[in-house]
Amino acid sequence: MRLINLNVVFVSLLVLIEVVSVCNGRVLSPAFYRKSCPQIGRIVRSITWNKVAANPTLAAKLLRLHYHDCFVRGCDASILIDSTSGNTAEKDAIPNRSIGGYDVIDEIKTKLEEECPDIVSCADIVALAARDAVSYQFGRPMWQVLTGRKDGRVSLATEASRDLPSGNANFTTLQQQFAGLGLNIIDLVALSGAHTIGVAHCAVFQRRLNATGKGDADPSLDPEYAQFLRTQCTTPPNPAVAVALDANSSVSFDSHYFVGLRHNKGLLGSDAALLTDPRSARVVKSFQGFHVFMANFGLSMKKMGAIGVKKGARDDGEIRKNCRVVNAAN
């Protein structure tokens with residue numbers, strides 16, 4: 001397992017660059033567009049920061065967009081493709097129906113096509129926008145994003161429903177899903193820390209408030225917190241009501257999620273599951289310190305961002321002209 005002590009963070013950063021800079025034979029680099037589109041960083045950051053400044057909830061939406069993209073077919077922007085009369089795409093799968101931020105990606109892509117036509121992939125835009133959305137509150141990039149991905153040409157709602165981790169998943173299921181993508185327990189806990197921002201609808205965690213069908217809450221929930229959730233979701237009953245994933249700070253990216261989790265205030269069953277394994281529980285404890293969490297979160301985001309990278313035409317990779325539509329066949 002990756003060391004999480006801050007004394008080795010900088011060494012780990014250097015090592016990780018070497019580890020993930022080549023994925024499936026395609027080189028990822030922090031300087032991939034240095035010559036072909038040197039203004040990419042400024043354009044993505046400017047548009048993203050302006051949007052988040054106007055609507056702070058976009059930070060969680062853009063981060064979640066990146067997660068949901070990478071966990072299905074890898075980080076290939078397949079989540080951006082619109083459904084057609086003959087195909088229901090990923091974005092219309094039930095787990096993705098509350099995803100947002102597509103318009104931000106569209107605006108960035110339009111600007112980049114004006115400046116650097118046919119150069120920047122939608123997949124790279126998604127990864128950069130997620131980083132910049134979180135980084136806005138700090139005024140500086142919080143982790144390095146490697147670029148050089150190609151966009152996928154296939155998007156299936158059935159695969160999103162199958163491959164995305166469930167908010168009700170237990171630890172064993174979560175560990176297996178993450179391990180299947182090359183992510184370890186530290187990555188699982190670190191990436192779960194994204195729940196320090198954003199919301200979940202009552203329908204996602206409703207069963208935790210009625211664990212046995214007799215109106216009793218999941219015993220792993222703090223009783224007062226469970227009662228609070230009932231007042232939010234059942235007065236009057238409304239599964240569409242949204243509740244903050246982190247009761248302490250739903251729009252501030254911090255380590256309060258882990259503090260709340262250790263007080264049995266994890267909103268989702270998958271959050272609470274992190275305390276059921278002694279290894280992940282130890283990581284949760286260490287991540288109460290923001291600097292330790294943030295250093296490891298950056299490492300895990302880089303690993304996640306390298307999942308299933310497309311190489312080019314041989315594996316259906318391309319640079320989409322419009323992020324919502326695959327390019328027409330030649």
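Predicted, not measured: the structure shown is a model, and the values here were computed from it.
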For the residue pair [X] and [Y], confirm or rule out a side-chain donor-acceptor distance under 3.5 Å.
| X | Y | answer |
| --- | --- | --- |
| Arg45 | Ser135 | no |
| Thr48 | Asp132 | no |
| Arg64 | Ser98 | yes |
| Asp271 | His195 | yes |
| Glu90 | Ser78 | yes |
| Thr173 | Asn170 | yes |

[X] side-chain N/O to [Y] backbone N/O, donor-acceptor pair under 3.5 Å:
| X | Y | answer |
| --- | --- | --- |
| Arg208 | Leu267 | yes |
| Arg320 | Gly152 | yes |
| Ser83 | Thr88 | no |
| Asn296 | Val292 | yes |
| Asp163 | Ala160 | no |
| Gln137 | Phe253 | yes |
| Ser29 | Ala31 | yes |
| Ser249 | Val251 | no |

Is there a side-chain contact between [X] and [Y] in this structure, where contact means two heavy atoms from C-beta onward sitting under 4.5 Å apart?
| X | Y | value |
| --- | --- | --- |
| Met294 | Trp143 | yes |
| Leu183 | Phe71 | yes |
| Ile40 | Cys37 | yes |
| Lys150 | Ser121 | no |
| Arg149 | Leu28 | yes |
| Leu221 | Leu209 | yes |
| Leu245 | Val199 | no |

- request: Report yes or no: is the cationic atom of Lys285 (NZ for Lys, CZ for Arg) under 6.0 Å from the centre of the six-membered ring of Phe258, at an angle within 45° of the ring normal?
  value: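 No - Lys285 does not lie over the ring of Phe258 by the 6.0 Å and 45° rule.
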
For [X], does the [atom1] atom sit with more than 12 other heavy atoms under 6.0 Å from it, leaving out its own atoms?
| X | atom1 | result |
| --- | --- | --- |
| Glu224 | CD | no |
| Arg34 | CZ | no |
| Lys109 | NZ | yes |

- request: Report whether Val259 and Val243 are members of the same hydrophobic cluster (ILVMFWY, side-chain heavy atoms less than 4.5 Å apart, transitive linking).
  value: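 The answer is no; the residues belong to distinct hydrophobic clusters.
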
field: Qualifying residue for side-chain hydrogen bond (donor to acceptor under 3.5 Å, both in side chains) with Lys91, from Asp69, Asn96, Asp82
entry: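 Per the side-chain hydrogen bond (donor to acceptor under 3.5 Å, both in side chains) rule, the option paired with Lys91 is Asp82, out of Asp69, Asn96, Asp82.
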
task: Show the numbers, then the answer: is there a salt bridge (charged side-chain N to carboxylate O under 4.0 Å, His left out) between Lys321 and Asp118?
output: CA-CA 6 Å; Lys321 297 180 182 296; Asp118 303 320; 2.6 Å; yes

message: With a 6.0 Å cut-off on the ring centroids, do Phe287 and Tyr257 count as close?
response: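 No, the ring of Phe287 stays outside the 6.0 Å limit from the ring of Tyr257, centre to centre.
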
field: For Phe290, ring-ring contact (aromatic ring centres under 6.0 Å, His included) partners two or more places apart
entry: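 Counting only residues at least two positions away or on another chain, Phe290 forms a ring-ring contact (aromatic ring centres under 6.0 Å, His included) with Phe138.
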
- request: Could you check Lys111 against Glu115 for salt bridge (charged side-chain N to carboxylate O under 4.0 Å, His left out), going step by step and ending with a plain yes or no?
  value: CA-CA 6 Å; Lys111 183 63 176 177; Glu115 299 280 338; 3.6 Å; yes

task: Go through the steps for Thr172 and Asp277 under the test side chain to side chain contact (heavy atoms under 4.5 Å, CB included), then give the verdict.
output: CA-CA 9 Å; Thr172 299; Asp277 181 270; over 6 Å; no

query: Hey, are Asp151 and Lys310 close enough for a salt bridge, meaning a charged N less than 4.0 Å from a carboxylate O?
result: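 Judged by the 4.0 Å cut-off on N to carboxylate O distance, Asp151 and Lys310 do not form a salt bridge.
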
- request: Please assess Leu112 against Ile125 for the test side chain to side chain contact (heavy atoms under 4.5 Å, CB included), listing each intermediate value before the final yes or no.
  value: CA-CA 10 Å; Leu112 286 171; Ile125 294 172; 3.8 Å; yes

